[in-house]
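To keep things clear, I will list the structure first and then write my remarks on it.
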Amino acid sequence: MTGVQEALCLMGPATVTVFVIGAGNEPLRPTAFRLAGLEPDEVHPFIPSEQPRTIAPFGLVSYDLTFHDTSLDLHVYTHEVLRRLCADGRAIAWAGFEGSFHYDHLLTEDIASSVYGYCVSGTEPEVAWSFAILRGAAWKKRIAGTRATLEGLLGRP
C-alpha cells in the first residue's frame, strides 16, 4: 500500500476522519460537508464528553465522513474539509487515520505518519497523499510546527 486513498478504502467504504479544536462544541450540519463537488453518504460527528480543561473552552469535534463510492478522489475533498473546519474563527483541524487520536499525542512527531492533512485558520490546508511523504522528516517537522501553533492557541508556553 503506497497511498492514503488506498488506506482509506481498505475496509470497505472510504472514511475521512477529521478533528477540529477551536470550533466550539457544536457540530456542523451535514450539509456543511458538501464540498469540492462531493457529499459524504454519512456524517458522524463526535464530541468527547471529557475534554481536558485546556481544550474544553475551545471545543473539540471529530467527524467521520463516509463515502460508499471508493473511486472518488478524496485528496481535494480532504483539503476542502480542512479549509471549511478552520473557516469560522481561530481553529486547528487535521485529518488522521482511525486510532491516531490521543490527547497526549495531538499533532506530535510520533504520530505524524498517521496525520495526512492539517490546517490552521488563516492559512492554506496541507494534505499529503503518499506514505513516503507521511514518513519523511519534512512532514514530521511540519506536524511539529502545527503542534506548536496548537500549544499557542491553548495558551501553553
Side-chain angles (χ1 to χ4, degrees), residues 1-23 28 33 35-36 38 40 43-48 50-67 70 72-157:
M1 184 171 1
T2 58
V4 171
Q5 178 86 19
E6 185 180 349
L8 294 176
C9 300
L10 193 61
M11 303 301 280
T15 301
V16 174
T17 302
V18 291
F19 307 88
V20 60
I21 293 177
L28 295 172
F33 296 98
L35 302 163
L38 301 177
V43 175
H44 297 283
F46 177 73
I47 301 170
E50 295 185 28
Q51 298 179 26
R53 62 180 170 74
T54 55
I55 292 175
F58 299 95
L60 168 68
V61 180
S62 71
Y63 299 89
D64 285 341
L65 308 169
T66 303
F67 297 86
T70 58
L72 299 172
D73 180 5
L74 297 176
H75 181 257
V76 172
Y77 182 80
T78 301
H79 185 272
E80 293 306 311
V81 163
L82 293 171
R83 178 193 315 275
R84 174 61 191 96
L85 290 174
C86 290
D88 295 332
R90 288 184 59 205
I92 296 176
W94 66 97
F97 291 111
E98 194 68 37
S100 66
F101 182 89
H102 189 280
Y103 285 117
D104 293 336
H105 298 274
L106 297 180
L107 301 169
T108 56
E109 284 188 39
D110 61 323
I111 59 110
S113 63
S114 295
V115 175
Y116 53 92
Y118 64 90
C119 186
V120 175
S121 55
T123 68
E124 279 297 306
E126 295 283 339
V127 177
W129 220 238
S130 99
F131 286 121
I133 293 171
L134 295 180
R135 292 182 185 119
W139 187 254
K140 287 181 181 180
K141 185 176 180 178
R142 286 155 73 189
I143 295 300
T146 306
R147 169 65 185 219
T149 303
L150 173 63
E151 295 287 346
L153 174 72
L154 299 177
R156 296 180 187 165

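Every heavy atom of this structure was used, including side-chain atoms; hydrogens, water molecules and symmetry mates were not.
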Without placing hydrogens or testing angles, list every side-chain donor-acceptor pair under 3.5 Å for residues 113-122, not counting sequence neighbours.
| residue | atom | partner | partner atom | Å |
| --- | --- | --- | --- | --- |
| Ser121 | OG | Gly89 | O | 3.3 |
| Ser121 | OG | Ala91 | N | 3.1 |

key: Spacing of CD1 belonging to Ile92 relative to CG belonging to Leu106, to within rounding of 0.5 Å   = 10.0 Å
message = Applying salt bridge (charged side-chain N to carboxylate O under 4.0 Å, His left out) as the test, list every pair that has at least one member in residues 85-94; sequence neighbours left out.
response = Arg84-Asp88
key: Thr149: side-chain hydrogen bond (donor to acceptor under 3.5 Å, both in side chains) partners, not counting sequence neighbours   = none
ask   = Under the 3.5 angstrom rule, does the side chain of Gln5 hit a backbone N or O of Asp73 as a donor-acceptor pair?
value = no
message = Under the rule for side-chain hydrogen bond (donor to acceptor under 3.5 Å, both in side chains), what residues qualify as partners of Thr66, not counting sequence neighbours?
response = Thr15
key: side chain to side chain contact (heavy atoms under 4.5 Å, CB included) partner of Leu38, the single match among Val81, Val16, Leu65, Leu72   = Leu72
query = Would the Phe33 and Tyr77 ring centres measure less than 6.0 Å apart?
reply = no
key: Phe46 vs Leu60, side chain to side chain contact (heavy atoms under 4.5 Å, CB included): CA-CA, chis, key distance, verdict   = CA-CA 9 Å; Phe46 177 73; Leu60 168 68; over 6 Å; no
ask   = Can you list every side chain to side chain donor-acceptor pair (under 3.5 Å) pair that touches residues 54-64, not counting sequence neighbours?
value = Thr17-Asp64, Thr54-Arg156
query = Quick one: side chain to side chain contact (heavy atoms under 4.5 Å, CB included) partners of Ala23, sequence neighbours excluded?
reply = Val20
task = With sequence neighbours left out, write down each residue that passes ring pair (Phe, Tyr, Trp, His ring centres under 6.0 Å) with Phe19, or none if nothing qualifies.
result = Trp94, Phe101
request  = Only counting residues at least two apart or in another chain, list the ones meeting side-chain hydrogen bond (donor to acceptor under 3.5 Å, both in side chains) with Glu124.
outcome  = Arg83
ask   = Quick one: side chain to side chain contact (heavy atoms under 4.5 Å, CB included) partners of His105, sequence neighbours excluded?
value = His102, Thr108, Asp110, Ile111
query = Which pairs with one or both residues in residues 137-147 pass salt bridge (charged side-chain N to carboxylate O under 4.0 Å, His left out), sequence neighbours excluded?
reply = Glu126-Arg142, Arg147-Glu151
key: Minimum heavy-atom distance between Tyr103 and Pro48, given as atom pair plus value   = OH-CB, 3.4 Å
note = Residues at least two apart in sequence or cross-chain that pass side chain to side chain contact (heavy atoms under 4.5 Å, CB included) with Ile47, listed by chain then number, are Asn25, Pro27, Gln51, Val61
key: Note, Leu8 side chain near Thr70 side chain (heavy atom, < 4.5 Å)   = no
query = What distance separates Ile21 CD1 from Leu85 CG, expressed to the nearest 0.5 Å?
reply = 12.0 Å
inquiry  = Glu109: which residues meet the side-chain hydrogen bond (donor to acceptor under 3.5 Å, both in side chains) condition with it, sequence neighbours left out?
reply    = none
query = Does the side chain of Val4 come within less than 4.5 Å of Leu134's, by heavy atoms?
reply = yes
